[in-house]
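Working notes for the structure below.
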Protein chains: 2
Amino acid sequence: MQTGIVASIQPAETASALVRKLGALCLLSEEEIAYLEGLQNNTLSVDKGRDFIEENADLRTTFIVMEGWAIRYGLLSNGRRQILSYALPGDILGLHVNFRAAATYSASALTPLTLAVVDPRRVLEISQKYPIIAAGLSWCTAREFAILGDQAVRLGRLSAQQRLAHLLLELWHRVELIGNGAGDWLEMHMTQADLADTLGLSLVHTNRSLSALRRQGLITVHKDHVRLDDIDALIEMTDFNPKHLSEFRV
Amino acid sequence: MQTGIVASIQPAETASALVRKLGALCLLSEEEIAYLEGLQNNTLSVDKGRDFIEENADLRTTFIVMEGWAIRYGLLSNGRRQILSYALPGDILGLHVNFRAAATYSASALTPLTLAVVDPRRVLEISQKYPIIAAGLSWCTAREFAILGDQAVRLGRLSAQQRLAHLLLELWHRVELIGNGAGDWLEMHMTQADLADTLGLSLVHTNRSLSALRRQGLITVHKDHVRLDDIDALIEMTDFNPKHLSEFRV
DNA sequence: GCTCTGTCATTAACCTGTGACATAGCAACT
DNA sequence: AGTTGCTATGTCACAGGTTAATGACAGAGC
């Protein structure tokens with residue numbers, strides 16, 4: 001924790017989300033911080049609802065979320081969509097793309113989005129020059145795998161209400177971890193249709209499940225926010241494991 | 001393809017599964033091949049049904065499947081299991097573990113299994129000394145992400161029969177890719193209970209779905225094998241995209 | 001060789017969580 | 001005012017779950 005404090009003093013206030021995230025994991029030198037910030041100089045703004053990665057298209061770019069939320073999703077020929085995961089500030093999309101001829105998922109901006117655009121070949125450079133950063137990126141990869149694994153468990157073995165509760169916990173915890181939390185409130189950047197496409201449920205049943213959790217006093221639903229009224233009960237009903245998200249509180 | 005041919009001549013017959021896999025992707029030097037084979041000198045045999053990674057336990061090892069099949073899975077407190085993915089020869093488990101304090105999934109041997117046991121710190125060494133191999137490992141990571149993404153789409157947005165068909169196609173294609181294929185036959189190393197835990201279905205409904213595909217003339221079911229009788233129709237009904245598995249035919 | 005036990009596959013009957021459709025209300029935008 | 005998008009809810013249908021039973025097969029023990 002001492003390590004974390006030292007790092008936090010340095011990159012905390014004006015640092016990019018990725019630097020704050022990695023800085024909370026390990027002690028970054030000023031050189032490493034400068035390198036990471038320089039890496040993110042080339043930015044792209046994406047309007048809410050616009051795609052910036054298209055499945056099956058060539059993908060030659062690594063994106064780092066600087067501000068806003070994005071979704072990774074797969075689309076079927078019948079128009080059905082499955083959201084795979086949410087990308088928050090500090091998250092990386094396409095970290096392992098140098099051998100990928102085509103994208104295996106699409107990505108879209110859920111809110112107005114600012115992305116850093118990075119040449120994937122820089123990743124090799126990082127591994128050779130900055131082993132600490134490389135280790136941090138490796139951790140980011142493992143975490144991404146854990147998040148997607150939880151999504152598969154959620155879809156395959158939880159009931160509708162449990163899925164919803166588990167997803168709310170995940171997002172709430174992740175927002176907390178990046179320092180954007182608001183106590184037990186979670187800002188809902190997505191519509192109920194997005195929730196449905198995340199949970200593998202119909203729109204109607206998603207709304208029902210939301211209502212059910214509300215009636216049980218577990219959540220309070222406002223227009224753009226949800227409050228988690230009994231976090232322990234939600235955790236209990238879903239087997240939510242915060243360790244899958246790793247502790248790197250900013 | 002010329003590159004693939006040259007590489008295949010060299011490591012083809014007695015080479016380990018990982019070397020054959022990476023060798024089919026890129027031209028490996030003799031030094032690189034020797035390094036990769038040396039990396040896999042420390043092996044572990046695991047009996048069928050035994051766990052070798054336990055969720056929430058410390059994970060300080062990278063495993064490479066040399067022979068046999070394994071599963072990655074998550075387990076809930078009510079005993080329900082969700083199989084996340086299958087690991088075949090040449091696949092790597094725990095490639096990104098140097099910052100993981102604990103495993104976020106369990107892994108178990110589906111068949112008698114031979115694993116190479118590798119220190120995760122060797123990955124950094126690889127990145128610094130063997131950039132071609134590092135790129136190959138990066139590709140392995142992206143592929144693993146694609147496979148798990150397909151699993152989420154399957155669980156979230158496909159019907160029971162489609163899930164089954166899609167999974168059979170995935171496994172069949174992956175077996176083909178590592179050179180262990182037998183035409184349109186797929187050796188079934190798993191029980192129907194394993195299938196059920198992969199597909200997020202009940203055991204009984206899994207059997208029903210199997211019967212339904214059989215009745216439709218799409219598959220032929222034998223005790224330990226399944227034959228895909230109409231691969232095009234199976235692909236059509238499921239949106240199966242072989243490109244997600246990448247083409248690296250050995 | 002026979003019996004018993006355990007595992008796995010298969011199927012029927014009944015039940016239920018969830019999907020689809022329809023409708024209504026509200027807010028924001030044109 | 002009309003349109004669009006989103007949320008909310010009722011009704012009915014159905015895909016899939018649960019329970020129970022049966023059959024086949026392999027292995028262990030006598």
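Quick caveat, the model's predicted, so the values are computed rather than measured. Below, chains carry the letters A, B, ... as their sequence lines are ordered, and counting in each starts from 1.
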Heavy-atom check, side chain of A/Leu168 versus side chain of A/Leu164, under 4.5 Å: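 A side-chain contact under 4.5 Å exists here.
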Interatomic spacing from CZ in B/Arg154 to CZ in B/Phe240 - rounded to 0.5 Å: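 Result: 8.5 Å between the selected atoms.
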Residue from B/Asn41, B/Leu44, B/Thr43 passing side-chain contact (heavy atoms from CB on, under 4.5 Å) with B/Val117: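 Among B/Asn41, B/Leu44, B/Thr43, the one meeting side-chain contact (heavy atoms from CB on, under 4.5 Å) with B/Val117 is B/Leu44.
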Per-nucleotide protein contact string for nucleotides 9-24 of chain C, where B marks a base within reach and S marks sugar-phosphate only (heavy atoms under 4.0 Å, - for neither): SSBBB----BBBB---
Test: A/Arg214 and A/Asp229 ion pair at under 4.0 Å: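 No.
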Angle of first-five versus last-five pair axes in the helix from C/dG1-D/dC30 to C/dT30-D/dA1, to 10 degrees: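 Taking the rotation axis at each end, their angle is 30°.
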Distance-only donor-acceptor check, side chains A/Asp194 and A/Tyr73, under 3.5 Å: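 Per modelled atom types, A/Asp194 and A/Tyr73 side chains form no pair under 3.5 Å.
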Polar contact flag, side-chain donor to acceptor under 3.5 angstrom, A/Asp239-B/Ser77: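 Yes, because at least one side-chain N or O of A/Asp239 sits under 3.5 Å from a partner of the opposite role on B/Ser77.
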Pairs touching residues 187-212 of chain B that satisfy ring pair (Phe, Tyr, Trp, His ring centres under 6.0 Å), sequence neighbours left out: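 The answer is B/Trp69-B/His189.
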If you look only at distance, which donor and acceptor atoms sit under 3.5 Å apart when one is on a side chain in residues 84-93 of chain B and the other is two or more places apart or in another chain?
| from | atom 1 | to | atom 2 | distance (Å) |
| --- | --- | --- | --- | --- |
| B/Ser85 | OG | B/Arg72 | NH1 | 2.7 |
| B/Tyr86 | OH | B/Thr198 | OG1 | 2.6 |
| B/Asp91 | OD1 | B/Lys21 | NZ | 2.7 |
| B/Asp91 | OD2 | B/Leu88 | N | 2.8 |
| B/Asp91 | OD2 | B/Arg174 | NH2 | 2.8 |

Main-chain N/O of B/Ala17 paired with B/Gln40 side-chain donor or acceptor, under 3.5 Å: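 Between the backbone of B/Ala17 and the side chain of B/Gln40 there is no qualifying donor-acceptor contact (under 3.5 Å).
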Of all pairs that satisfy side-chain hydrogen bond (donor to acceptor under 3.5 Å, both in side chains), the ones with a partner from residues 178-187 of chain A, not counting sequence neighbours: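 Residue pairs passing side-chain hydrogen bond (donor to acceptor under 3.5 Å, both in side chains), neighbours aside: none found.
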Chain A footprint on DNA chain D, 5' to 3' - any atom under 4.0 Å from a heavy atom: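 The contact span of chain A on DNA chain D goes from D/dC6 to D/dT11.
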Atom pair distance, as rounded to whole Å: NZ in A/Lys48 and P in C/dA28: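 Rounded to whole Å, this separation is 13 Å.
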